[in-house]
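Side chains are part of it too, since the values below use all heavy atoms of this structure and drop only hydrogens, waters and symmetry mates. Numbered from 1 within each chain, the chains take letters A, B, ... in sequence-line order.
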Protein chains: 2
Amino acid sequence: MIFSKTFGYAIRGVLYTAMVSNGKKVQLDEMAEVLNVPRHFLGKVMKRMVKEGVLSSMKGPYGGFFLNENTMTTPLYKIIEITGESETFSICTLKLSKCNSDNPCPLHLKMEEVRKECLNILSNTNIGDLLSKDQPDFIQSITTI
Amino acid sequence: MIFSKTFGYAIRGVLYTAMVSNGKKVQLDEMAEVLNVPRHFLGKVMKRMVKEGVLSSMKGPYGGFFLNENTMTTPLYKIIEITGESETFSICTLKLSKCNSDNPCPLHLKMEEVRKECLNILSNTNIGDLLSKDQPDFIQSITTI
DNA sequence: AAGTTAAGAGACATGATTGTCCTCAAAAAA
DNA sequence: TTTTTTGAGGACAATCATGTCTCTTAACTT
């Protein structure tokens with residue numbers, strides 16, 4: 001499954017915030033540098049996360065991004081929605097808009113199962129799940145591009 | 001799985017050729033019109049199919065595209081390769097180039113299985129398989145956009 | 001041989017995604 | 001209240017996928 005770069009940035013941004021902020025807030029500058037992501041672009045991505053309630057932010061000195069009550073339980077699919085990619089799971093592989101179960105293209109059935117499996121993963125995995133593994137070099141795994 | 005429009009055009013072009021050509025050849029003009037695809041763009045896609053041996057073509061009057069000994073046994077994955085999308089199956093969901101089984105990103109394991117399943121489908125399905133179903137309105141299913 | 005028909009191929013146009021730059025707004029510190 | 005720090009937001013640039021236009025090349029017909 002190929003999703004946008006934006007999706008990758010979003011996940012990594014949220015995960016990084018969750019990992020390093022123990023009460024304190026994480027600044028965009030730090031985040032962009034450590035994640036090796038264009039700062040202003042990341043800013044817009046994170047802004048959308050905040051707007052949709054996945055994360056919170058505060059301006060001014062000692063401001064930055066921080067977790068809220070939703071963050072850990074946000075399913076990855078929610079982030080797919082926010083980055084505008086939920087159509088991924090309904091768009092026909094051959095890009096036929098009229099393709100569906102009743103009028104399937106020749107690839108429809110075979111692809112349907114893969115699509116569903118992927119949708120299941122993204123719906124049933126949340127941010128907390130990604131963090132809860134005892135991966136010693138977790139930070140490294142999301143910052144090494 | 002989202003692949004390019006180009007991939008969709010390629011598959012539909014080859015399938016259409018296989019369906020309507022009984023010995024005779026299929027012209028680009030007809031194909032583009034029936035498939036509802038930009039003519040010159042489709043031309044370039046089909047050209048690549050010919051260059052890679054998936055299909056054959058002939059210029060001049062009564063020329064056009066026609067099947068060859070490879071067409072029916074061409075796995076869909078071959079067309080993925082031709083349209084330059086084989087990286088789909090190795091690119092990390094978070095777009096981390098260093099992500100792999102030894103140094104996995106938090107999503108790596110979960111996505112790996114989906115990716116493998118999809119790769120299996122595309123490797124084990126060929127053009128002939130897509131045609132062999134007795135779908136009465138097959139042509140309609142690949143021409144109705 | 002000349003004309004016609006079709007694919008091949010290059011140059012350019014458009015649109016979406018990604019990336020950059022500069023300014024604004026809010027929150028804290030001085 | 002002024003200054004500083006930080007995210008928010010708009011305008012624009014670069015890149016890549018897709019689409020359009022025009023000319024060239026090859027094969028057949030006359």
Quick check: does any side chain N or O of [X] sit under 3.5 Å from a backbone N or O of [Y], one acting as donor and the other as acceptor?
X: A:Asn103; Y: A:Asn100; answer: no
X: A:Thr71; Y: A:Val54; answer: yes
X: A:Asn70; Y: A:Gly53; answer: yes
X: A:Arg115; Y: A:Ile91; answer: yes

Of the listed nucleotides ([options]), which one gets closest to any side-chain atom of [X]?
X: B:Lys5; options: D:dA8, D:dG19, C:dT18; value: D:dG19
X: B:Pro61; options: D:dA8, D:dA27, D:dT20; value: D:dA27
X: B:His40; options: C:dA9, D:dG7, D:dC28; value: C:dA9
X: B:Pro38; options: C:dA26, D:dG19, D:dA27; value: D:dG19
X: A:Gln27; options: D:dG7, C:dA27, D:dG19; value: D:dG7

Could you check whether [X] gets within reach of a base, just the sugar-phosphate, or nothing at all, counting any heavy atom under 4.0 Å?
X: B:Phe7; result: nothing
X: A:Val37; result: nothing
X: A:Met46; result: nothing
X: B:Val45; result: nothing
X: A:Lys44; result: base

For [X] and [N], what is the distance between atoms [atom1] and [atom2] respectively, to the nearest whole Å?
X: A:Lys47; N: C:dA25; atom1: NZ; atom2: P; value: 14 Å
X: A:Arg39; N: D:dG7; atom1: CZ; atom2: C1'; value: 8 Å
X: B:Phe41; N: D:dC21; atom1: CZ; atom2: P; value: 15 Å

OP1 or OP2 of [N] versus the side-chain N and O atoms of [X]: is any pair under 4.0 Å?
X: A:Ser57; N: D:dT6; value: no
X: A:Thr6; N: C:dT18; value: yes
X: B:Tyr9; N: D:dG19; value: yes
X: A:Lys51; N: D:dA8; value: no

Tell me whether A:Leu28 is reachable from A:Met58 by hopping between hydrophobic residues (I, L, V, M, F, W, Y) whose side-chain heavy atoms are closer than 4.5 Å. no

Of A:Phe65 and B:Phe3, the one whose nearest nucleotide on DNA chain D sits closer to the 5' end is A:Phe65

The residue, A:Tyr62 or A:Lys59, whose nearest nucleotide of DNA chain C is more 5′ is A:Lys59

